[in-house]
2 protein chains.
Amino acid sequence: MKTFNIGELSDKSGVASHAIRFYERENLMPEPARTQSNYRRYPEDAIARLQFIIHAKQWGFTLDEIRELLMLQDANGDRAEARQIAKKQLEKIRHQIQSLSRIEAVLSETLKECSGEGPMDGCPIVEAIAQQG
Amino acid sequence: MKTFNIGELSDKSGVASHAIRFYERENLMPEPARTQSNYRRYPEDAIARLQFIIHAKQWGFTLDEIRELLMLQDANGDRAEARQIAKKQLEKIRHQIQSLSRIEAVLSETLKECSGEGPMDGCPIVEAIAQQG
DNA sequence: CATAACCTTAAAGTGAACTTTAAGGTCAAG
DNA sequence: CTTGACCTTAAAGTTCACTTTAAGGTTATG
């Protein structure tokens, strides 16, 4: 079985060494074995765990939520709990999309009204921001 | 002409006194007049300026961007520049909506596949996160 | 005239997710 | 055997947009 130093794991996973140590302190990564000289030695599945963290982050999960998901996996916990976490995340994302879509609509409408010529005084963009939000 | 203490301005604008002083340090609000006892005295248009800041924040502008917009107004600058700032913001928002929509699609699909019953081992949610992002 | 409710400043704290720095110890190459 | 690239730790710094704290001075009310 292959094992890695933290630098090799960093290269293979794309996560900086310092970030890996940070994840260890934050209980996202388990404490790895050590060499006699106290170097961290990681098994191959550490790569997958880091990639799980990266992907979950891309999905907008916070480290707290990711820790929860990892703990459920480690304890082989209840699938219903994982579902709850993901469901909450989906709602959060849908809410964000709605807010951003409203802003997109008003902002693009406002931009159509502003030719970009002339002085600031009377600029439709500024007036739109000033008026309502 | 009416003038206000910082607390009155805070009540009228909905922005905390400390935040108003913070905006002054950050050059979003101009230094107001002072009473003999060194209290800040604000004119009525300070309310509108704070509301401009609030609304711009709701549109997702950062304080740096808001400062730029306010400086353009104060200097009665070029409308084209304000348009550029707003355009960049619109692109940023559209990009965010796209990313979130992709996540929404995959996450809701994954949730449909997961009944919520059984152990974590083999949970479609965990597998979906582990696999790709 | 005391007390509460304002106001002043500078500086430190918050949270999220790291990154950077300081001050070393270890290991492989030439 | 030395140079450089790795590794160790703890602690402080980063960004954003404030909030909180500390340590006072001022003004309105009873």
Side-chain angles (χ1 to χ4, degrees), chain A residues 3-43 46 49-70 85 88-89 92-93 96 133, chain B residues 3-43 46 49-70 89 92-93 96 133:
Chain A
T3 59
F4 313 110
N5 277 354
I6 197 166
E8 295 169 294
L9 181 60
S10 171
D11 290 346
K12 280 176 201 298
S13 65
V15 177
S17 310
H18 277 303
I20 297 174
R21 289 194 201 96
F22 169 74
Y23 289 153
E24 186 180 323
R25 276 202 302 286
E26 294 291 306
N27 297 315
L28 293 159
M29 292 296 286
E31 291 185 21
R34 300 287 185 131
T35 65
Q36 313 108 307
S37 60
N38 205 30
Y39 282 22
R40 286 172 178 79
R41 224 78 237 290
Y42 290 96
R49 195 176 176 103
L50 281 171
Q51 276 164 358
F52 180 92
I53 296 173
I54 293 172
H55 295 152
K57 270 164 50 64
Q58 285 169 354
W59 280 25
F61 288 100
T62 64
L63 293 194
D64 278 359
E65 289 162 338
I66 297 170
R67 186 189 303 107
E68 266 195 274
L69 285 170
L70 286 166
I85 296 171
K88 237 182 76 186
Q89 180 61 12
K92 217 166 70 187
I93 284 168
Q96 281 178 42
Chain B
T3 60
F4 313 110
N5 277 354
I6 197 165
E8 295 169 295
L9 180 60
S10 170
D11 290 347
K12 281 177 200 298
S13 66
V15 177
S17 312
H18 277 302
I20 297 174
R21 291 195 200 96
F22 169 75
Y23 289 152
E24 185 180 322
R25 276 201 304 285
E26 295 290 306
N27 297 314
L28 293 159
M29 293 296 286
E31 291 185 22
R34 300 287 184 132
T35 64
Q36 312 108 305
S37 60
N38 206 30
Y39 282 21
R40 287 173 178 79
R41 222 82 235 290
Y42 290 96
R49 195 175 176 103
L50 281 171
Q51 276 164 357
F52 181 92
I53 295 172
I54 294 172
H55 295 153
K57 269 163 50 64
Q58 286 170 353
W59 278 25
F61 288 100
T62 63
L63 294 194
D64 278 359
E65 290 162 339
I66 297 171
R67 186 189 304 108
E68 265 193 274
L69 286 170
L70 286 166
Q89 180 60 11
K92 217 166 71 187
I93 285 167
Q96 281 178 43

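All values below come from the heavy atoms of this structure, side chains included, with hydrogens, waters and symmetry mates left out. Because the structure is a prediction, the values reported are computed rather than measured. Reminder, nothing fancy here: chain letters follow the sequence lines and each chain counts from 1.
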- [ ] Enumerate the residue pairs fulfilling salt bridge (Lys or Arg N to Asp or Glu O under 4.0 Å) with a member in residues 49-61 of chain B, sequence neighbours excluded, ordered by first and then second residue.
- [x]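 The answer is B:R49-B:D74.
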TODO: Keeping to residues at least two apart or across chains, list the salt bridge (Lys or Arg N to Asp or Glu O under 4.0 Å) pairs with something in residues 19-33 of chain B.
DONE: B:E24-B:R40, B:E26-B:R67
Open item on the list: Under 4.0 Å, counting only non-hydrogen atoms across every strand here, what does A:R41 touch: a base, just sugar-phosphate, or nothing?
Closed with: nothing
Task: A:R40 CZ - D:dC6 P separation (whole Å) - done: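 A:R40 atom CZ is separated from D:dC6 atom P by 17 Å.
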If the condition is side chain to side chain donor-acceptor pair (under 3.5 Å), which residues does [X] pass it with, not counting sequence neighbours?
| X | value |
| --- | --- |
| B:Q96 | none |
| B:S17 | none |
| A:N27 | none |
| A:E68 | none |

- [ ] Considering just the side-chain nitrogens and oxygens of B:K57, establish if one lies under 4.0 Å of OP1 or OP2 belonging to D:dC18.
- [x]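 Indeed, a polar side-chain atom of B:K57 lies that close.
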Open item on the list: If the condition is salt bridge (Lys or Arg N to Asp or Glu O under 4.0 Å), which residues does A:K88 pass it with, not counting sequence neighbours?
Closed with: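 Here no residue qualifies.
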TODO: Name all residues meeting the salt bridge (Lys or Arg N to Asp or Glu O under 4.0 Å) criterion together with B:R41; count only those two or more places apart in sequence or in a different chain, and write none if there are none.
DONE: B:E8
- [ ] Output the residues of residues 5-33 of chain B in contact with DNA chain D, where contact means a heavy atom of the residue under 4.0 Å from an atom of the strand; sort by number or write none.
- [x]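 Within residues 5-33 of chain B, the residues near DNA chain D are B:A16, B:H18, B:A19, B:F22, B:Y23.
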So which protein nitrogen or oxygen atoms get under 3.5 Å of nucleotides 27-30 of chain D's nitrogens or oxygens?
residue	atom	partner	partner atom	Å
D:dT27	OP1	B:S37	OG	2.7

- [ ] Apply side chain to side chain contact (heavy atoms under 4.5 Å, CB included) to A:F61 and list each qualifying residue two or more places apart in sequence or on a separate chain.
- [x]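 Scan of A:F61 (side chain to side chain contact (heavy atoms under 4.5 Å, CB included), adjacent residues dropped) gives A:A56, A:W59, A:E65, A:I66, A:L69, A:I85, A:Q89, B:I129.
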Task: Nucleotides bounding contact with chain B, strand DNA chain C, heavy-atom threshold 4.0 Å - done: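 The footprint of chain B covers C:dC6 to C:dT9.
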